[in-house]
Protein chains: 2
Amino acid sequence: MTRRQERPLVKITDVARHADVSPSTVSYVLSGKRSISAATRQRVERSIRELGYRPHAGARALASSRSNVLALVMPLRSGIHMPVQMRFAASVVTTARTHDHDVLLLTQEEGVDGLRRVADSALVDALIVMDVQLDDERAPLLRSFALPSVLIGFPAEAAGLTCLDLDFTATGEVCVSHLAQLGHRCVALLGSPPEVYARGTGFARRTAAGFTAAARRFGMVSTVRACEPGGEAARETVDALLREHPDLTGVVVHNESALPPLMEAFQRCGMRVPEDLSVVAVCPDELAESAAIPLTSVAIPAAEVGARAVGLLMAKLAGRKVPEATWLAPRLTERASTVPRPVP
Amino acid sequence: MTRRQERPLVKITDVARHADVSPSTVSYVLSGKRSISAATRQRVERSIRELGYRPHAGARALASSRSNVLALVMPLRSGIHMPVQMRFAASVVTTARTHDHDVLLLTQEEGVDGLRRVADSALVDALIVMDVQLDDERAPLLRSFALPSVLIGFPAEAAGLTCLDLDFTATGEVCVSHLAQLGHRCVALLGSPPEVYARGTGFARRTAAGFTAAARRFGMVSTVRACEPGGEAARETVDALLREHPDLTGVVVHNESALPPLMEAFQRCGMRVPEDLSVVAVCPDELAESAAIPLTSVAIPAAEVGARAVGLLMAKLAGRKVPEATWLAPRLTERASTVPRPVP
DNA sequence: TTGAAAGCGCTAACAT
DNA sequence: ATGTTAGCGCTTTCAA
């Protein structure tokens, strides 16, 4: 058995004694909440370093009623593209660390009770809630909490909440607008799996709404359909789509998992991309870039969303006012998958 | 502005007064650390419910030196298949909740400092460390910690540590053995991206070692190569492979991200699966099942690994002895992608 | 079976 | 610019 380095726990009084100051001075050096002479600060910092002092998180939380921990509530359910979630989580953790906070991971499953639990026990100072539904039952709860929170996505009734998301309505519009400029007249949106629409996920519906509205404005023929993942489903979807719309020349795909099988299915049906069919994806840039045919796309800015969510929370914790709604503007990048409409 | 439900924080003394007992009795009802008469227990439980009491996490941590939080250190780097990580994380969180613990998410990037930080500050009671390298610098640190930890994966020197993983050596063997029984004589392993081997990731090397050893035992011709993700890379890999081994009839793919492009590349080279080429995958069952051709596979048991990791930690926290090494036995499921070797 | 009371290590109000 | 000290809310000895 290796010997355990059972460090006897250095406390603030040890540091104080070592630096020949009072405990409060050490505390203030650490928090910066009052001015300290340069000489004292240096002595204290030196003692902290030499003794390897680390404040006890629990004691600190008890005395200050701040845990310096954020809760991140993540979905781990089907129909959601995991890599996007992970990028988001990574960005939240990294940004939180930048503000001296840690991140507690909660699953969607714990639902309303989970939120109440971490809030009431003062385990966390603030909450980030992902995958918000239009009729999300957590929305009213969060509104009633004293704890600051940020929702990723917008419930139907968002007043009194701080919400943040890519502007999916504008995203749908931007995609259509791009295709319209290239001369396309008949377009389709291939979206999330049916269950995502069914459970009232705002982003899926908003993309569809933006897409349809813009297509109408441009006088285009347009159609929207949900899209299961998997090769089988992709082929069926594409078959049906081409049967009903033989003169289709442009599609928008808003479904990361279905993207590769859809691309394959198009080829099989004799629709070459981009010669016969222009494709715009809504997906992370990395995915669009590394596709067999690099895809024109609107990026899902997971890292930016994560960073901004934490930023909003920090502002709220500092007592600053923040805007209730933040819609991130879509950014379309042209790549190889979209070209002017082939002459008929 | 909505009125905040600024609940005035119910504390243990409030419950005690309400139930007409002492605070310690309430504490003991909650912890079960001493016997309480049925009558008292019921009164206390009722008061807890009526007042909506939730112990203050920080106060509890301070008084008991237990935070009831586990740290989960996750990789968020390239060459790792995100969905597997997420399943694992989900399983850790869910299992931890089962034992009344929460999970703090740390990124690999924080490295050794991150571990020291959460350990020294008593933020967490125990650690789960994923994506362990053969020469992982965190291994000696964890060995020296008083905090219990479990590593997912094995460093080169694992003595004195609690490690847990799928038995990848056996996995490589099982795959080869299955192909051997079907009469295949020339086989290849398509593995992780080169950088994964380069940084000394044990599981990639172990699969290769098991694969090669078993192939030798069966007197088969075998080859191993790293495999970048992406369609381009897949095609090149397959081209080169078939050029060098024209009589190849079986492959093992241990790389989730490369799986779809590889399957496509095989088709393009005129190798139909399974008629011309038998394929065994090492990947989550969901992925193997939902492929265009359902794949014979060895499952990556992410959920089981997560649950067992937490179980081991709970045992250690309870002062029980646990085995240092836990190798989960591989389980191969036959599906449509493997058949007897075509008669030459 | 239950209660009283001494801390756990830190912060922040109050002093100086 | 710094020190003193009273808690923060809970667990756990020690007593009864």
Side-chain angles (χ1 to χ4, degrees), chain A residues 7-45 47-48 51-69 100 117-123 125 317, chain B residues 7-45 47-48 51-69 100 117-123 125 317:
Chain A
R7 190 198 293 250
L9 187 50
V10 182
K11 27 192 149 169
I12 200 167
T13 50
D14 299 324
V15 177
R17 196 174 320 113
H18 187 273
D20 194 32
V21 295
S22 74
S24 60
T25 297
V26 177
S27 175
Y28 284 121
V29 165
L30 249 18
S31 69
K33 287 188 183 172
R34 80 179 181 192
S35 51
I36 303 281
S37 72
T40 306
R41 144 163 297 117
Q42 280 171 5
R43 265 208 333 287
V44 171
E45 281 168 347
S47 298
I48 289 176
L51 299 182
Y53 169 66
R54 242 11 152 335
H56 186 289
R60 197 171 236 196
L62 180 56
S64 68
S65 21
R66 281 292 188 102
S67 66
N68 275 36
V69 174
D100 196 33
R117 184 173 60 79
V118 295
D120 288 353
S121 64
L123 235 189
D125 293 338
L317 284 171
Chain B
R7 191 198 292 251
L9 187 48
V10 182
K11 28 193 149 171
I12 201 168
T13 51
D14 299 323
V15 177
R17 197 174 319 114
H18 188 273
D20 195 32
V21 295
S22 74
S24 60
T25 298
V26 177
S27 176
Y28 284 120
V29 166
L30 249 18
S31 70
K33 288 188 182 171
R34 81 179 181 193
S35 50
I36 303 282
S37 72
T40 304
R41 144 164 295 118
Q42 280 170 6
R43 266 209 330 289
V44 170
E45 283 170 346
S47 297
I48 289 176
L51 299 183
Y53 170 66
R54 237 22 151 326
H56 186 289
R60 197 170 237 197
L62 179 57
S64 68
S65 22
R66 280 292 187 103
S67 66
N68 276 35
V69 175
D100 196 33
R117 183 172 61 80
V118 296
D120 289 352
S121 64
L123 234 190
D125 293 337
L317 285 171

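Only this structure's heavy atoms are used, side chains among them; waters, hydrogens and symmetry mates stay out. Labels below follow one simple rule: chain letters A, B, ... track the order of the sequence lines, proteins then strands, and each chain is numbered from 1.
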Can you give me every donor-acceptor pair (side chain of residues 32-41 of chain B, partner residue at least two apart or in another chain, under 3.5 Å) with its distance?
residue: B:S37; atom: OG; partner: B:T40; partner atom: N; Å: 3.3
residue: B:S37; atom: OG; partner: B:T40; partner atom: OG1; Å: 2.8

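Checking A:S24 against A:S27 by side-chain atom types alone, no donor-acceptor pair falls below 3.5 Å.
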Checklist entry - Between A:V69 and A:V118, is a side chain to side chain contact (heavy atoms under 4.5 Å, CB included) present by the stated rule, with each step listed? => result CA-CA 10 Å; A:V69 174; A:V118 295; over 6 Å; no
Next on the checklist: If you apply the rule side chain to side chain contact (heavy atoms under 4.5 Å, CB included), what do you find for B:V21 with B:V26, and how did you get there?
Outcome noted: CA-CA 7 Å; B:V21 295; B:V26 177; 3.8 Å; yes
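Using modelled atom types, no side-chain atom of A:D100 and backbone atom of A:N68 make a donor-acceptor pair closer than 3.5 Å. In terms of modelled atom types and a separation under 3.5 Å, the side chain of B:S67 and the main chain of B:L123 share a donor-acceptor contact.
The CG atom of A:D125 sits 19 Å away from the P atom of D:dC8 (whole-angstrom rounding). Atom CG of A:D20 is separated from atom C1' of D:dA1 by 15 Å (rounded to the nearest Å).
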Item to check | Under 4.0 Å protein heavy-atom contacts per nucleotide of nucleotides 9-16 of chain C, with B for base, S for backbone only and - for none | outcome: BBSBBB--
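Direction of the helix axis in the helix from C:dT1-D:dA16 to C:dT16-D:dA1 shifts by 30° between the two five-pair termini, rounded to 10°.
Put simply, A:S35 has a side-chain N or O that comes within less than 4.0 Å of OP1 or OP2 on D:dA1.
Under the side-chain hydrogen bond (donor to acceptor under 3.5 Å, both in side chains) rule, B:S47 has a single partner from B:Q42, B:H18, B:R17, which is B:H18.
B:R60 and B:P55 make their closest contact through NH2-CG, 3.6 Å (heavy atoms, listed as atom of the first residue, atom of the second, distance).
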